[in-house]
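Contents: one structure, followed by commentary.
For clarity, every value in this text was computed on a predicted model and none was experimentally measured. A note on names: the letters A, B, ... follow the listed sequences, proteins ahead of strands, and every chain is numbered from 1.
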Amino acid sequence: MQPITKKPQSLTNVPYHYCPGCGHGVVHKLIAESIDELGIRERAVLVAPVGCAVFADSYFNCDTIQGAHGRGPAIATGIKRAKPDSIVFSYQGDGDLASIGMAEIVHAAVRSENITVIFINNAIYGMTGGQMAPTTLVGQPATTAPKGRDAALQGYPINICEMFSAIKGAKYLERVAVDAPANIFKAKKAIKKAFENQVNNVGFSMVEVLSQCPTNWGTDAVKSLEFVQKDLMTQYPLGVFKNEGK
Amino acid sequence: MSEKVLMKGNEALAEGALRAGCRFFAGYPITPQNEVPEYMSAKMPDRGGAFVQAESETAAVNMIYGAAATGIRSMTSSSSPGISLKQEGISYIAGADLPCLIANVMRGGPGLGNIAAAQADYFQATRGGGHGDYRTFVLAPNSVEEMGNFPKLAYELSEKYRIPALILADGILGQMMEGMSFNFEPVDPKTLKTPDWAIGPAKGREKRMVFSYYLKDGELETALLKREQRYAVVEEKEVLFEERYTDDAEIIIVAYGISSRAALAGIEEARKEGIKVGLFRPITLWPFPYKRICELAQKTKAFLCVEMSRGQMIVDVKLAVNGKIPVYLHSRVGGAMPDGGDIVTAVKSALSGKKEQLSPFNPSECKGGK
Amino acid sequence: MYQGIRISGFGGQGIVSAGVLLAQAGLTEGKKASWFPSYGAEMRGGTANCSVVIASDEVYTPIVIAPDTVIVMNEPSLSKFEPLLKKGGLLIINSSLVNSKPQRTDIKILNVPCNEIAQKLGNVKVANLVALGAFAAAAQAVGIDAVAKAMKTVFKRATPEMLELNKKALEAGAKSI
């Protein structure tokens, strides 16, 4: 018998703690495969966030640093500037990146730090228990918006890729999803590209991944995929927003 | 020892850090420390290091967190309001056991306060400052020469114990110029050993993790107690202070940083009048020289704390004295530097047996419970 | 010896650099010296002042509260700094720009038309050095030669011509008293 697939070398054997149906595990695998294929595991440094992916530092088989909520891009800046040979990637959720860490991510892009950012947008705070995120849709319930997000009171969801398109230093921006095999395939290509850009000194590269959170959406795995396809993709259309890489 | 050159305190601090091997600096403009990032931006590229003007003090300290994790000598500087913003990062750095250098060129607070010199961040500096149980080294220079020479000392202590180091200066020390010389040859960072915990590119070794969380039952307590063992060694071995005229002193002034120079001006005047006054200057504010102050409390009649805050260091002096002799306060705040003449008056008043009436508590007022 | 000096004037009159020059001159002569500026928001109003101490012993306080010498280069500085002078202290007034008369009778007063002298030399910008020349000659705290030597250290980007002009301004100031 021939093995047709294997666990990427860039993942450890620590079992994931993620909930059933969660998108994080899929994205981790895509990142690990990309790192393996580019042969950069020994140069890679993960900046782990605060949020559900806080333990990502245990899952990736490369150097890691875990930092304060939202500060990943600043920490990544320090590592990359101190050790330009390292391949630094910041893995961040929507609360982390688009709320508390908005200044850090914007300015990392403005400076066009040569780093890779993987932005998981599942429109909810996961680890703290389903509170409203900056990307929560209007009408979508959350534990801090029990009747659904009310635009009059809580404003509108923020579209990160569209916003970053106006930043000159942002060199590669793509929004993908991990709801179905075809999209997962595209997500892999995008993530690999974002790492390849760093190897080629292109500058700031970010992939926004629409991900599912059945637990905090109060739904099941199948319905969560439908929510991604019908609702999230309407607010957050997939596609390449910027591609200035080689 | 080289010839003395005229240098500004902030520039001496920046040059001292560069000479000590600092190769990453991130900061944000704030008066009265602007010369530090300005100097770094001009000189860092020539030394092969990186300078980043960060989007905020919060970002700057997190950049330091990242750079320090790679094992290189890194630095951020700010002044009081900016140091408040940095506390989040300092807590993470302390929790991750990383060495680095943070400078606070103190100004008046709270809030926006003013831009003049102050010493009102003593509590913040010596008690950790951010959330959680931790300490940072706190070095208090009192001259431009020490501004220039303390960065190397700070890095060495910080790396030896894996505890972040703070240089606690103030607007006067930052802005003033005087003759100074460096007491060490420039350090070539290439000669420094990369620590065995540093992250960054590395062929053929196991992965390394830098973090400050311990989520399993009991793990955090174990980690904190283990770190505390290092703190105990520091408190035993790394205390620095300076004494002048303490041998025959009837009263000893305790003052650090720029206040200690005002105290010396007062002491010279008082000694001319035949009053036996001494100076005790803590150089490390953490570890604080409790033991030596306790010893001096057996020999002298009273302590007078001279501070540019409303009584912060006095709390540590009182802890050391433990009620044995009176501890008085002479304080100027809001940008004023204590004046030698006023200090003489305060000394005379203390020696006349004036009732101690100072915050936080006057032990002589405690009559005991029923 | 101990000499505490306050220099004050408009921003752009070279107040800050005059102070640095004095401190450097003190250091050049092997004395202890310090300099402390007014800084930040205080500077934005257009006035500048600095403290300089030149002493044979350790300088404790760089902020000169009771100066031995005050150099006032513009009108508003006179009323601000005259009252601070020690009894018997020296007040050097740039009489080209200061019209008011000092109030005190317990001090030495030196009127020096710094701007006019500088203009005669060809550049009004060296008025500050005319004042320093007068100070060096009158106060005996630091020698003219030391100030001239200090210029090479402080004005690193000055051309030889500029340094020569500066030196002439110092000498003219010294002669004016």
If you tally heavy-atom pairs under 4.5 Å against chain B, which of I65(C), V20(C), V53(C) wins?
V20(C)
Spatial distance of atom CE (M177(B)) from atom SG (C50(C)) [nearest 0.5 Å]:
10.5 Å
Is it the case that more than 12 heavy atoms not belonging to K31(C) sit under 6.0 Å from its NZ atom?
yes
Tell me, for V5(B) versus chain C, whether the close heavy atoms (under 4.5 Å) come from the side chain, the backbone, both or neither.
backbone
How close do F36(C) and I172(B) get, heavy atom to heavy atom, and via which atoms?
CE1-CA, 3.5 Å
Taking every non-hydrogen atom, the tightest pair across A265(B) and T61(C)
CB-OG1, 4.2 Å
side-chain contact (heavy atoms from CB on, under 4.5 Å) with P62(C): of M176(B), E178(B), Q175(B), only one passes, and it is M176(B)
Has K125(C) got more than 12 heavy atoms of other residues, nucleotides or ligands less than 6.0 Å from its NZ?
no
Looking at every non-hydrogen atom in both residues, tell me the closest pair between Y60(C) and E268(B) and how far apart they are.
OH-OE2, 2.7 Å
When you check the gap from the basic side-chain N to the acidic O, do E29(C) and K4(B) get nearer than 4.0 Å?
no
Given the rule in the salt bridge (charged side-chain N to carboxylate O under 4.0 Å, His left out) test, do R244(B) and E58(C) qualify, once you have shown the distances and angles that lead to the verdict?
CA-CA 14 Å; R244(B) 293 214 207 175; E58(C) 202 173 346; 2.9 Å; yes
Which atoms of D339(B) approach chain C - backbone, side chain, both or neither, heavy atom under 4.5 Å:
side chain
Greater than 12 external heavy atoms within 6.0 Å of F150(B)'s CZ
yes
Which answer fits A23(C), side chain, backbone, both or neither, if we ask what part of it has an atom under 4.5 Å from a heavy atom of chain B?
both
